[in-house]
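Structure first, commentary second.
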Amino acid sequence: MSTRYNARAAEPKWQKIWEERGDFLTREDADGKPKYYVLEMFPYPSGRIHMGHVRNYTMGDVIARYKKARGFNVLHPMGWDAFGMPAENAAMEKNVHPKGWTYDNIDAMRAQLKAIGLSFDWTREIATCDPEYYGQEQALFLDFLEAGLVSRKKSMVNWDPVDNTVLANEQVIDGRGWRSGAVVERRELTQWFLKISDFADELLEGLDTLDRWPEKVRLMQRNWIGRSEGAKVFFAVDGVPGETDYRLEIFTTRPDTLYGASFCALSPHHPLTQSLARDNAALQDFIRKCDQIGTSQEAIETAEKMGFDTGLKARHPFIEGKTLPVYVANFVLMEYGTGAIFACPAHDQRDLDFARKYKLPVIPVVAPKDKEGAELDAFASDLAERSTDAYTGDGVAINSEFLNGLDVASAKRAAIEKLEAKGIGQGTVNYRLRDWGISRQRYWGCPIPVIHCRTCGTLPVPREQLPVILPDDVNFDAPGNPLDRHPTWKHVDCPKCGGAATRETDTFDTFVDSSWYFARFTAPHAATPTEKATVDRWLPVDQYIGGIEHAILHLLYSRFFTRAMRKTGHLSFDEPFAGLFTQGMVNHETYRDDKGQWVPPSDIEIETLDGARVARRTSDGAPVEIGSVEKMSKSKKNIVDPDDIIAKYGADTARWFMLSDSPPERDVQWSDAGAEGAWRFTQRVWRMATEKPEDLAAPGEAMPASFGEDELALRRAAHQALAAATDDLDNLRFNRAVARVYELANAVSGFAPASPAGKWAKREAVEILIQIVAPMMPHLAEECWEALGHKEPVVAADWPVADRALLVEDSVTIAVQVNGKRRDELTIARDADKETVERAALALEKVGKAIDGKPVRKVIVVPGKIVNIVV
RNA sequence: GGCCCCUUGGCGAAACUGGUAUACGCAGCAGACUUAAAAUCUGCUUCUCGUAAGGGAGUGCGGGUUCGAGUCCCGCAGGGGCCA
């Protein structure tokens, strides 16, 4: 037998055996086994997997293999989030077709994933760019359309005037398009929206039921949905051309500050602004200036406040005869609330910035509770005259007539009551969450299945004509959407009148594709989007794993889609993911040469000189500076290619390293030393299973009747490691499970069997170790399992059960403290009563010395834990 | 600016609901085996005083609760996240 474990030979061998045996095919006839659906976020087929994928999929694979061994019927599928911009960019840059590029990448990445030994059921593979998938997505959309979950409306977008395309906020860098560098404009386009805001309350309340989600993610979603209670208030506005009693509707979260109002402000896109601008060139100019800022909140928030006085006057709702100037202001968003506000500069920072700039009054109406008399006057006059910081804290209403003396919450209620009584406002709930714009002016996406007819309007594509398939013959040599300029594709007959009509040439946001794939995996080839009974049986996903970067959008959209699919009869539950785990990133040191150029780790040699680590470039020996540890990225070149690692050490070593050391939710640092360490351990496990076979009892030998002390200690170590590792795996604490395995390995290494019972105990310990290791390093475990004489692979073996009798020791060692300081320890029978423990503790020599003759006031005995003597 | 999270040896980190702080790994040091190297094995490794036996301090900083605090509470500093 070879003394070295040969991963390069063993890994493909076992991958083939698993595939031939069909170990990972999910069976629908499960013989009453409980189901377990484990899912990792599917990748974008960029062409190569990276270490982040390896970490993500290894964690999922450990869970899948572990649950299978625990007797679950496991569903563990994989697919491709295959539509998106990079394919089109590749088409433009390298003159390849997005389709060919994408499918080539899928083939390459599938081969890479297979080389990691992941237990996917590949018969369920889906790619979102397959018509079989996106055709069903189109069917879903039509159902949503019928159910009133879709709207078509005008919305502001970031428009790149050079590339003639819409840009996502992330694609706008310093106000310029990321590809063209052109100054981005805000432009109004008619787009398709999914009415996610109809579900705002449900999505918010549902978060409380997701007790196996990280609290952090739930909080982020809560903030994103942004429920705020406030009031709608109608301000009568005088002087609106062509209107006799125009009422401006505003939304505010602070109706308690109405007495501090000093102006009203409209969004540049408010209908009133638009109608005023029609014959006002100066206002048109102002609107244009506002539109150059971009659409992101951040851009708008950080831009300097700008205003345009319309000359209109709004009448204060509570103060007879008082009027407020009406401005158009760049910081008021049409998308939030009603697109119009009243401003109370004393208690809102943006309002204050604006008021100071345009010399508008600042009227304090809330003061901190503890301020009285002269102090209160000083506070109020400072805020009114000078301060540049608005007071947004809690306090007591002042200068507010009937509200005076009330705290903020009570004043809000009182103000709303009064507004409602006067019929000029009402309490209302507003959400930050906006409807989801899903139109993209791109080729490589799912075509939106509607047809525009001049006479009949916008109509759904008839179902029998689905899927609407993307044409292959497109070119990318001009800016804009290739679908739009395709000579024939968009020209169709109107399904209603038969006249000439055109297809919608926009495609879906790729987040649509990933909002229901988890459901499709349960019946990947069904002729309907889902098979209801099947999807209801498998979902929710028991454990979903992916990056924290999807904490909001993907997870929120999926939760919305699930509700929309329930409403349209495709499934019958609300929450798609019962358990969510967000794993940390894979980081690496960075290296720079003397010219400041980044050097990849593959071209680095590290030595230790006088205790300090020194790096040089392998290719020319030039010294290189070791920089900070950062997320692996192309720009810093600190990337380690999984293929290189697998070629050098094997997949199991990479898997083991990804699970060791750092807790899974935290970032992990990839290092050569760490990889070497993992590799050494694979060899150590192999030696444990194959060296000195004469030290192991024959396979299947009956358990001896009795064991010696050392033998019992080894058995205890094995069963305790098993119990602890099982608990760790149940709770996704892979790093701790790894530590248990090392502890057990150390116990096995330190044991030399001296009797048949010893040999039996050693085999038991080694087999338990191999079985704990099996989900994490499956190929190595198979090879060892086979060497140990097993006929069936370990993948088919049941998870071992720890013997409870071996988990507890007969005696325990407990600490003895005097006045809370540890002075000695005491080994005593586990079931000794308190008096016995106390007597034994007081009898200890070191304890006596520490007490030093002082009177003992109190002795605290916590059985099995500690004794504390208070003197 | 608001809310939330984190801070433990040279490094990554353990420590279940308050109960022996530093398990396990990495790096380092010493030794064994070897002609030598690699590989492997054994031991040491929080700081500090001490030749030693032994003592003292110690989980970012300052306080508090408790017989007892890495863990709970208050304040501060540094790092990170989300929302503004």
Please state how far atom [atom1] in [X] lies from atom [atom2] in [N], giving the value in whole angstrom units.
X	N	atom1	atom2	answer
W224(A)	C4(B)	CH2	C1'	17 Å
E676(A)	A27(B)	CD	C1'	13 Å
E215(A)	C3(B)	CD	C1'	12 Å
Q669(A)	A27(B)	CD	P	13 Å
Q683(A)	A38(B)	CD	P	17 Å
D667(A)	C11(B)	CG	P	18 Å
D672(A)	C11(B)	CG	C1'	16 Å
L556(A)	C82(B)	CG	P	16 Å

Which residue lies toward the 5' end of RNA chain B, G674(A) or S749(A), if each is placed at its nearest nucleotide?
->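 Whichever sits nearer the 5' end wins; that is G674(A).
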Residue mapping more 5' on RNA chain B - nearest nucleotide basis, E665(A) or L219(A) |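 This one resolves to L219(A).
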Could you tell me whether G43(B) is syn or anti, where syn means a glycosidic angle within 90 degrees of zero?
->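 Here G43(B) takes the anti form, which means its glycosidic angle is more than 90° from 0.
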Can you tell me the Watson-Crick or wobble partner of [N], both distances under 3.5 angstrom?
N	result
G78(B)	C6(B)
C83(B)	G1(B)
A52(B)	none
U35(B)	none
U46(B)	A57(B)
C11(B)	G25(B)

For atom [atom1], what is the distance between [N] and [M], given to the nearest Å?
N	M	atom1	answer
A27(B)	U40(B)	P	11 Å
G18(B)	U66(B)	C1'	9 Å
C83(B)	C72(B)	C1'	29 Å
C61(B)	U17(B)	C1'	28 Å
A39(B)	U34(B)	C1'	11 Å
G68(B)	A21(B)	C1'	14 Å
A57(B)	G9(B)	C1'	14 Å
U7(B)	A13(B)	P	10 Å

Result block: side-chain N/O donor-acceptor pairs under 3.5 angstrom for residues 663-671 of chain A, not counting sequence neighbours:
| unit_1 | atom_1 | unit_2 | atom_2 | d |
| --- | --- | --- | --- | --- |
| D667(A) | OD1 | M585(A) | N | 2.9 |
| D667(A) | OD2 | N587(A) | ND2 | 3.3 |
| S671(A) | OG | G674(A) | N | 3.0 |

Indicate the ring-plane relationship of F511(A) and H550(A), choosing parallel, tilted or perpendicular according to the 30° and 60° boundaries.
->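 Plane angle over 60°, so perpendicular.
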When you measure from the side chain of Q683(A) to the backbone N and O of R4(A), does any donor-acceptor pair fall under 3.5 Å?
->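 Checking the backbone N and O of R4(A) against the side chain of Q683(A), no donor-acceptor pair under 3.5 Å is found.
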Tell me what R823(A) touches on the nucleic acid: a base, only sugar-phosphate, or nothing, going by heavy atoms under 4.0 Å.
->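 Sugar-phosphate contact only.
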Base, sugar-phosphate, or nothing for I552(A), non-hydrogen atoms under 4.0 angstrom?
->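 The residue I552(A) makes sugar-phosphate contact but no base contact.
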Out of C41(B), C67(B), G81(B), whichever nucleotide has its closest atom nearest the side chain of V870(A) |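 The listed nucleotide nearest to V870(A)'s side chain is C67(B).
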Look at the side-chain N and O atoms of R666(A) and state whether any lies under 4.0 Å from the OP1 or OP2 oxygen of G12(B).
->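 No, R666(A) has no side-chain N/O under 4.0 Å of OP1/OP2 on G12(B).
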Within the structure, does a side-chain N or O atom of R4(A) lie under 4.0 Å from either OP1 or OP2 of U40(B)?
->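 Answer no for this pair, as no side-chain N or O of R4(A) is under 4.0 Å from OP1 or OP2.
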Could you tell me which residues satisfy ring-ring contact (aromatic ring centres under 6.0 Å, His included) with Y391(A), sequence neighbours excluded, listed by chain and number?
->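 With neighbours one apart ignored, the set is F379(A).
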Can you name the salt bridge (Lys or Arg N to Asp or Glu O under 4.0 Å) partners of E743(A), sequence neighbours left out?
->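 Here no residue qualifies.
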Identify, with sequence neighbours excluded, every residue that meets salt bridge (Lys or Arg N to Asp or Glu O under 4.0 Å) alongside R55(A).
->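 For R55(A) there are no salt bridge (Lys or Arg N to Asp or Glu O under 4.0 Å) partners, ignoring immediate neighbours.
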Close side-chain approach of Q583(A) to I545(A), heavy-atom, < 4.5 Å =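 Heavy-atom side-chain distance check passes, below 4.5 Å.
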With B for base contact, S for sugar-phosphate-only contact and - for none (protein heavy atoms under 4.0 Å), nucleotides 18-25 of chain B reads -BB--BSS
Qualifying side-chain hydrogen bond (donor to acceptor under 3.5 Å, both in side chains) pairs with a residue from residues 817-827 of chain A, counting only residues at least two apart or across chains =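 Residue pairs passing side-chain hydrogen bond (donor to acceptor under 3.5 Å, both in side chains), neighbours aside: T813(A)-T827(A), R822(A)-E825(A).
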Kindly check if the number of other-residue, nucleotide or ligand heavy atoms within 6.0 Å of NZ (K692(A)) is above 12?
->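 Incorrect, the count does not exceed 12.
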